[in-house]
Every structure is written in C-alpha cells, then in structure tokens.
Amino acid sequence: MSFVIELHDIGVDAGSMSILRGVDLEVGPGEILGLFGPNGAGKTTLLRLVATLVRPSAGTGSVLGTDLSSQQRYAIRRRIGMIGHVPGLYPELTLGENLEFAARVAGVSRDEVGSALAAVGLAGVIDREAGVSSHGMQRRAEFARELMIDRDLLLLDEPHSALDQDAVELVNALVKKIAAEGGAVILVSHDRERVARIADRTVELTEGTLE
Amino acid sequence: MSFVIELHDIGVDAGSMSILRGVDLEVGPGEILGLFGPNGAGKTTLLRLVATLVRPSAGTGSVLGTDLSSQQRYAIRRRIGMIGHVPGLYPELTLGENLEFAARVAGVSRDEVGSALAAVGLAGVIDREAGVSSHGMQRRAEFARELMIDRDLLLLDEPHSALDQDAVELVNALVKKIAAEGGAVILVSHDRERVARIADRTVELTEGTLE
Amino acid sequence: MPSEIRSRSWPWVAIGVSVAVALSLAIVSPADTVQGELVRIMYVHVPAAWLAYLAFTVTLVGSGGYLVTRRLSWDRVAASSAEIGVYFTGLAIGLGMIWAKPTWGVWWTWDARLTLTAVMFFVYVGYLALRNTADDSRVRAGRSAVLGILGAALIPLVHFSVVWWRTLHQPASLLRPDGPAIEDPLILWALLAGVVAFTVIYVALMVKRIELHQVADSIRDFERSADRPVAGASVTAPQLGGGLGDE
Amino acid sequence: MNAGFRSQVAAVVERDLRRERRRGDVVWVTIPFGAMALFLLPLAIGVDTQLLQRIGPGMYWVVVMLFGVLVSVGRASIETGAQRDAVSLLGLDPAAAYVGRSMSAAGLLLVYEIVVGVVAVVLYNIEVIGFPWLVLTLVITAVGLGLLGSLAASLVSSSSAGSALVPLLVAPLSVPLLLGATQVYEGLRLGRSILPWMLLMVVVMLVTAIVGVGTARPLQET
Amino acid sequence: MNAGFRSQVAAVVERDLRRERRRGDVVWVTIPFGAMALFLLPLAIGVDTQLLQRIGPGMYWVVVMLFGVLVSVGRASIETGAQRDAVSLLGLDPAAAYVGRSMSAAGLLLVYEIVVGVVAVVLYNIEVIGFPWLVLTLVITAVGLGLLGSLAASLVSSSSAGSALVPLLVAPLSVPLLLGATQVYEGLRLGRSILPWMLLMVVVMLVTAIVGVGTARPLQET
Ligand code: HEM
Ligand SMILES: Nc1ncnc2c1ncn2[C@@H]1O[C@H](COP(=O)(O)OP(=O)(O)OP(=O)(O)O)[C@@H](O)[C@H]1O
Ligand SMILES: Nc1ncnc2c1ncn2[C@@H]1O[C@H](COP(=O)(O)OP(=O)(O)OP(=O)(O)O)[C@@H](O)[C@H]1O
Ligand SMILES: [Mg+2]
Ligand SMILES: [Mg+2]
C-alpha cells in the first residue's frame, strides 16, 4: 500500500510570513509518528494542513490517497480525526448531545454514543453540559468522539495534557488500535519520553522546517 | 508569619451538586504545593476559589490574610496570579498590547512589558496578534504577565502543557522565585514526576475532597 | 391557640373591613356628569397606580438597604414589593384600558402617561426576570438592587408626564401643588377609602410574600446542608477493554 | 461512509434549535428588541393614530428584515475555530450545513414574525386581512431571510474580511423580499392582484437557495 | 500597588477601542445596518417626501437607540470566562471598568450617530437646525446610552442566561433619553423651550452614572 500522508516541499503562508517551508513527510499505514518542536514552530499548522483545514501555498501533498489541492479533499475529512489545543464542543449542549450530533453527521448509529462515553469513563455525566464540564472531561469526550467514528488518520495535538493517568492509557490504546487497523497517527507533544514509548518514529519541526 | 492560604471545611456548590466538600488546606509562605487528582475532581474550582473568583458555599477560609467571604477580598486580587486551562488574552490585541493593558491596570510601568516578553522568549513577536499566536506562545505571554506583575500567590493549572522544554525551565524558575520571596504557589498537574521535582509537598483531590 | 389564630387572621379582617368600606363608598358616590357610571373604575384604577408607586418606592428603599447593609432581609423586602408593584401596575393598566375603550374609543393610544406606565411595568418585569437568572442569592440581590434603584427614577416621570405632555390622559386632580380639584367630598372620600383598602392589601401581601421568601431561603439552606451528589464522583476511570476490544 | 444529506440536515437543525433554546437569544434578545422597536417608534415620531396605522405594516416588515438577518449573523459569530474544525472533520456536507442552518433560522424567524406581528397588530391597530395569503407571505419571508442570513453568515466565517460584505450582500437581496411583503399586504387591502409580488418573493427565495446551495462547497475554501 | 483610577479607565478605553477597531464590528456591521434600516423604511411605507420628512428624526433616534444597545450587548457576549478571570486578577477597579467601558461605548456611539445622521439627513431631507443644541443632544444621548448599556451588560455578564436580558433592561430605561432627544428637535423646529428636555436627559444620564459607579463595587459578587 502507498503512504497515508505524503508531503513534498510543502509551504504554508499567512499574510507576509511563512509558517511552514519545504516540508517533506511520508507516513505509512500503521505508523505512529511523534512530532516535536519548540513553541510556534508550526506543529499545529502542519496538523491542520494534513487535515485539509489549511491549504498549502507551495508544494504538493496527498492524504489518504487524495491530493491536498484538489476539490476531492473534502471527501476524506470524515476519515480524519483531530484533537486540538482547545476543546471544540458546543458548550450549550450536553456531552451526550455533542456526541449524538457527531454521530448523526458522520453516519454512525446513535447507539454508539453511550458506549463511547462509557469507554472514556463519562457514562455518569452524559447529561452534563459541555460548558460546565471540566477541561479533562471535555477532552475525554472528544476522544470518545474519535473512538466512535472509525478514523483512518488521527492527529493529536498534545493529547496528554489535561488528561489524568487513567485517561492517558486510554489514548495510548486508541492510538494503537488505529495503527493496528492500518491507519496512521501523528502525536504532537513536548513530552518526549511519553511519546517515545508509543511512537514508531519521531521527527522534529523547527522554524517551519522538518529535520 | 501566618499562612498564605487557610481553608477550613470549605464547600462549593453548583446547582444541585457539590463540587468541593469539606476541604481543609493550609499553605505557608514560601511553600510550593502540588495538587493532583483525576479529571473532574474539582482542582480548577479549588484554584478559582483561592483566587476569590468562586465563593465558598460552606466553611471559612482566608487568602493572603483576607477572609474569603468579606468584601475586602477584591483588594487582594492584584496579588494573585492564575494561569488556567485556556489562555485569557484578547485575540484582537497583539501580545505586547495585551501585556501593556495588564501593566497599566496593575500599576506596573509599561517599560516592563518588553523585558517580560523578552524573558519568555517572545521579544521577536511582540507585535503579533494573540489570536494568531500559537497556543504555547499565548501561554508564554501569560507567564510574562505574571512575571511582570509581582504576585504573592501563583496558581497554575497544568502549567507544563503546551510549553516546550525551554519554557518549562522558565516556569520552574518563576515558581521558585515567588516561593523564595515568601509567596506561595499551587501547581495543578497530572504529571506527578515533574511536579514532584519542584514541589515541597503534594496533595490529592478526589471527588471534591482532599486527602 | 387563639392568639395564633388571631395573628393569622388579622390580615383578612383588615382587608375585609377596608374593602367593604371602600366598596360601599364607591357605590354611593355620585355618577359623573360626563362619564356616568364608568367613573367608578377610577376608585380602583387610581389607588392601584398609587400603590404601584408606593411599592416601587419600597423596592428602592430595600435595594439601597441591601447595598448598604448587605443583609438579605432588605433584598426580600425589595423583591416582594416589586412583585406586588408589578401586579398593581398591571391592574392600573388593565383597568385603564377597559376605561379607555368607551371614553377614548381605543384600547391604547400613545399618550405619554400610558407609554411611561407601560415602560415602568416593563422595567419591573425585567427586574423580576433578572432575579430568575442568577442562582446565587447574593449575586441576585446585588444585581437586582441596581435595577431597583434605577427603575425608581421612572416614578416621578410617570407622575409628571401629564404635566409635561398635555395629551389625553387626565391631569393630576388630587396630588397637585395647589390642593385637590375635586368638588364632591364623597368622590374624595371614596377615592381615599380605595387607597386605604389597597394599602391594607399591600401590607398584607408584603407580610405574606416576605414570609414566603424566608421559607424558600431556609429550604434552600436546608437542601444545601443535606447530602448532595458530588460533581466529580460521576467521572470514572476509562474502561480500556470496552470500546477498544483488541488489547 | 457519510450519513445521507437529509440526516445531516436534520442533525444541524436539531443542534441549532437546541443551542438556541439553551442560550435563549431569540426569545430574550431578538423578540424583545423587535417589540421594543415597534413600541419606541410612536414615541419618537409622535402620536397620530392614523399615521401609525398607515406606516405600521411597513415598520413591521423592516423590523422583521433587520433582526432576521441579525439572528444569522450573530449565530455565526459565536462559533469558535475549534468548533468549526471539529464539524468539518465530521464530513459535514457544506450544502447540508447551509440548508440546515437556513431551516433552523427560518423556523426561529417564523416564531419571531408571529410574536412581533401580534405586537404590531395591537400597537398599530393594523387590520389583519387575507389570512391565508398573509400566512404564506410570512412563511416565504421567513424562509427567504433564513436562506439569505445563512449565506451571509457563511461569508462571515469563511474569510476575515467577510463580515464587511454581509450588509452589502444582504441589503440588496432583502429589498425584493421587503417590497414583496409590503405590497402583498397593500394589494390585499386595496383588492389589487398580489400574484406578481408573491412570484417575486418566491423567485428571490429560490435564487438565494440555489446560490447558497451551489456555492456552499466552493465557498468552503479553508 | 494598584494603578490610579484614571489610568485604569484610560487602559480600559484604549483596550476597547483597539479591539473594536480590529474586529470592525461597529464600522462594518452596526453602521451599515443602521443605515440600511433608514434606507429600507421608505421602501416599506411608500415614498412620501413630506411624510418621510416628518417621521425622519424619530426614525433616526429609534435606530440610534436600538443599535446603540446592541453595541453593548455584543461586546459583553464576546468576553470569555478566561478573559474575565484574568482581568479580575489584575485588580481592575470595577468602577473604573464601568467608566472606561461606558466611555468607549459613548465614543463609538458618537461616530455611529454622526454617520447614520448624515444618512438620515440625506435620505429624509431633514432640516438641520439649532446646531449647538443638536450637538449637545448627540453627545448626551451617546454618553447616556453608553452608561446605560454598560450597566445592563455588567448586570447580566457571567449569569447563565448570558446577555439575554440586556435589551429588556435597557430599552425601557432608554425611553426618557429617546423622548428627550426627539422633543429637543421638535422644540427647536417649533421654537418651543427645550430646556426641560435637556434637563430630563441630563438627569437620566447622571442618575445612570451615579447608580452605575456607585454599585459597581458592591455588584462585583463573583
Ligand atoms: C391604559 C390606560 C391608562 C393608564 C396606563 C393609566 C395610568 C394612570 C396612572 C399611572 C395614574 C396615576 C397618576 C398619578 O397620580 O401620578 C393614573 C391616574 C388617573 N387616571 Fe389613568 N390610566 C389609563 C387610562 C385612564 C382613563 C381612560 C381615564 C379616564 C378617562 C383615566 C383617568 C385617570 C384619573 C382621573 C387619574 C387620577 C389623576 C389624579 O388625580 O392624579 N385613566 N392613571
Ligand atoms: N456550573 C456547574 N454546574 C455543574 N457542575 C459543574 C459546574 N461547574 C463545574 N462543575 C463540575 O465540577 C467538577 C469539577 O470541575 P473542575 O473543572 O474543578 O475539575 P478539575 O479537577 O479541574 O478537572 P480537570 O482535571 O479535568 O481539569 C466537574 O465534574 C464539573 O463538571
Ligand atoms: N494567521 C497567521 N498570521 C500570522 N502568523 C500566524 C498565523 N497563524 C499562525 N501564525 C504563526 O505561525 C506559527 C506557527 O503556529 P503553530 O500554532 O502551528 O505553532 P505550534 O508549533 O503548534 O506551537 P505550540 O507548540 O505553541 O502549539 C506561530 O509563530 C504563529 O504565530
Ligand atoms: Mg500548537
Ligand atoms: Mg481543571
């Protein structure tokens, strides 16, 4: 099989500045990649690029077999999971309603919501509004969402932050499961030891360039 | 000298539920306290209580010598620093403007802004808007703010998340400086090893109760 | 325990007596030469409006009292009085509308007093709505006190509106600098009796409402002291086996 | 694979209505504002019952238009970047999102139109005539404004300069709706033919819908 | 120690104006919408030059009031919890925050009043008379509305119902300002005395300012 992610000489600009420049990256099926780099290096931007949420201003790339510049890139979004720095739940909806919305849009049976929340230990707070749930609870709910929707590519921006010890184990299990099923995972983190334990390979992003 | 933080049988309610219950805590001058606990236990709520941002619904407490239920508690806010889960900068203002606002309100000379940002390695991006700064850069800017305003009590909610190695060193230096000057610091974290290295003492919060 | 019965029944006795007097005076008073029997609406319309003024003035006092002393009992006074004041304002507006249809030919017009009375009504409805949003009793007391003070500025505005804008509504005939302009003493007495009756009703309602507020507060305190679920207890450790199966 | 178009639309509608209910923006902000506008106007222009009766219907429609669009724009501005990212990665079809958002806006607008309409009838002493046609007008304007507002909102969120374009885009497009709505009432009152106006409104509605659905995917550039 | 009251006020004003400028809400949303309202009305009620000239000033003031309040509401709802926490811990005096917010709102409102005023004069052919008095009226209404809107916003901020209640609280209280403003114009036109109206507006403004400043500290409950 070909690569899940394939980037050639990718650049991303914002206004008059470059955020990424000349990035080459290949991630194969089943691979868990650790991505390190100092603050402001462009890690989050790289993840969003791979998730088709940022467009390359230079270079070529493909994700899950789809060219990043083509219009078809929207069709693969359903297969890409991402958890960013800040939770993206709707604060007015309960955790359960948030997941139910995700399930319906993604075409997953609504019955999966309960078991996904149970898997992350949130079965008891399914009716609590996301806005009054603690930060870690919101992150767990996001993991439940990724668990529920079978993703082929998972992009995690500092997944360990805000999660307690038990929940961290969960993330590792989720990551391994996706890799085992032939998907790919990118883990952004500043905690090298923790990532090294689970990643197959690590790369370093500095000043918009991969080393 | 007496304690910086003194809580007796404190409870905090929200709606029909208790978040904290029967919390007793004493933190003396110069002390660095590590606070652990599973997701949703009430750690953030405890920090906000100590910062006078949440009112106790039961029990008594004082912070920096001021009763938590008295009207005088607003007068000590200027001396308490807090960094929460999510950055609280104004996204439309540049990092420099954000700090300048803080300096003017807190009665610190505006000249301190430049050196505070330089100390956290953000001298080069002083004119970048907070909204387009990376997560780590925003957190660094918040640390610069706490550095600039001489705080007597510092409350950090997972300070290490989103910070790279260099910045972590910086945080530790700030924490130690405040402790050395007779202030107190509470560090909330899930990273027991890292906190254990710097904290004088650690406590565990489970289901709203300290052990 | 007769003394308790007496203390419980005094409001009803007082209301009964004063309402009976007011009613009989309203009935025996002469009909108006222009308006005929319709004029009798006045004996309820006017006292209701005046008692609304009184009620909102008490709300002003209670609000100020709370901000100065920080005692919730002041807040209870302010809130109770505002509730009753809203009822009285509604009564005055409702009866005014019923009165307006036969005399002016419309239910409502854009007369200054009518408009400002409606504005006053909305402000205190807003006051009550604001009280429903905050769940912490001190936050609620503080915020509504501000509105209780601000809203009172409307009282003189409503009262003097007939002087400032000379449109449709009757100008002041009783409460005016150069003495009452009503000739027939019976009308005057009937009006006064109505005011007394409404004042008694107001006081009785106040006492009851404050009591109710007190009970509600102590129930809340009791619930607080009782065992409530802890928010964090419902979050459990993830079930690694559960959704992930393939360890 | 992806859920069907219809179930995505339904999910969006349900999400929007739920959020709206919990926030209470429409019930507590838009409706009171509309009612207030109608209430303040006579104060400001003087009390002349006949005049009010004459300009009442026009006032009503202006208030409906303005706040109708504000509902959609306001809604777009409460969406955070993280929320947008998450929804995109659910594979939500932009066209389904557009239709769903328009439908929920139309539903809210209909409620708004009815409540504010009652206020207008009471305050301005407006005659209610041609009932079935009026209802049809209300529904068409609600749907048309919902479609228009959502289109504007998607412009707001898709580019940083977007919000500048909104009024420029919305004003010209809402004029035919406004004209149609007022002329239908006028026509009913005077016994003139209302068909051309109805037709105009339906055409505007359809054009907006086609443009909105058609550009939803290409618009989604990020 | 804490900064002085005046330098805190200045910091707040500068922050607000900067944020506003970068977001462009007032320039790109509030002003065009206000202008649009004035523009749509003649379309809706029919173009009758004399009628428009007569109701023009009233329309203008209603639009100013409504959108003026929207400025304060919008601003309260864009503040996040983290931002509020951070500002509280700077030791910002609530009274200084109130004064600063009111002042920046008043400044924006003045700009808004002038731009929309020009539109109104052009569209409705309104006579501009009694220049110094008109300017004074504009300033007083801007300040009064700024004070009123900020007060309402601070009453509901951080309560669960959010900005929901602001219009309900502000709109009725702004009625005296509206009455005063329209009657001043009317008085100038007809050569009547305008002093009582000016007095009314000044009194409302002062009462709001005193209540707002006086209760800012006690109100700070959380
Ligand atoms: C919706 C309609 C009306 C409203 C909201 C209204 C409101 C009020 C208010 C607030 C007052 C108390 C004024 C004060 O003393 O400061 C009042 C007094 C009075 N109203 Fe009305 N009114 C309405 C209709 C009418 C009508 C239709 C009549 C008779 C034709 C009327 C006759 C009077 C009279 C005679 C007084 C006593 C004035 C005095 O002695 O000071 N009202 N009304
Ligand atoms: N307004 C509220 N209503 C109901 N429950 C609330 C409210 N605010 C907080 N909670 C609950 O209180 C608990 C404690 O929240 P808190 O944010 O303090 O947890 P935490 O220990 O910081 O967790 P984390 O490790 O995830 O950050 C959570 O279960 C949360 O859902
Ligand atoms: N729209 C923009 N305009 C200007 N600069 C931008 C824009 N978006 C991002 N940047 C800059 O691009 C750089 C990369 O940001 P990014 O969020 O990808 O960093 P990161 O590696 O994730 O950092 P962190 O470790 O702090 O999360 C930052 O310096 C940021 O300020
Ligand atoms: Mg990042
Ligand atoms: Mg927390």
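No hydrogens, no waters, no symmetry mates; every other heavy atom, side chains included, goes into these values. A quick note: this is a predicted structure, and the numbers were derived from the prediction, not measured.
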Quiz prompt | Heavy-atom pair with the smallest gap, counting every atom of E:Ala82 and B:Val86 | solution = CB-O, 3.6 Å
Quiz item: Shortest non-hydrogen contact from B:Arg104 to E:Ala10?
Solution: NH2-CB, 3.3 Å
Self-check item: Engaged part of B:Ile149 at the chain E interface, taking heavy atoms whose separation is under 4.5 Å
Solution: side chain
Quiz item: For the residue pair B:Arg78 and E:Leu90, what are the closest heavy atoms and their distance?
Solution: CD-O, 3.5 Å
Practice problem: Mind ranking B:Ile80, B:Leu93, B:Asn98, B:Ile83 by heavy-atom pairs under 4.5 Å with chain E and telling me who comes out on top? | Solution: B:Leu93
Practice problem: Supply the atom-to-atom distance E:Leu89 CG to B:Arg145 CZ, rounded to the nearest 0.5 angstrom. | Solution: 8.0 Å
Quiz item: So what's closer than 4.5 Å to chain E heavy atoms on B:Ile76: side chain, backbone, both or neither?
Solution: neither
Self-check item: Nearest atoms (heavy-atom pairs only) where B:Val105 meets E:Ala11
Solution: CG2-CB, 4.0 Å
Quiz item: Side chain, backbone, both or neither: which part of E:Val12 has a heavy atom under 4.5 Å from chain B?
Solution: both
Practice problem: Hey, could you give me the OH/CG distance between B:Tyr74 and E:Leu92, rounded to the nearest 0.5 Å? | Solution: 13.5 Å
Quiz item: Are any side-chain N or O atoms of E:Gln83 and backbone N or O atoms of B:Gly88, one a donor and one an acceptor, separated by less than 3.5 Å?
Solution: no
Quiz item: Of the options E:Arg22, E:Arg15, E:Arg19, which is the one that meets B:Glu92 in a side-chain hydrogen bond (donor to acceptor under 3.5 Å, both in side chains)?
Solution: E:Arg19
Quiz item: Checking B:Glu100 against chain E: side chain, backbone, both or neither under 4.5 Å from a heavy atom?
Solution: side chain
Quiz item: Roughly how far, to the nearest 0.5 Å, is CG of B:Leu47 from CG of E:Asp85?
Solution: 11.0 Å
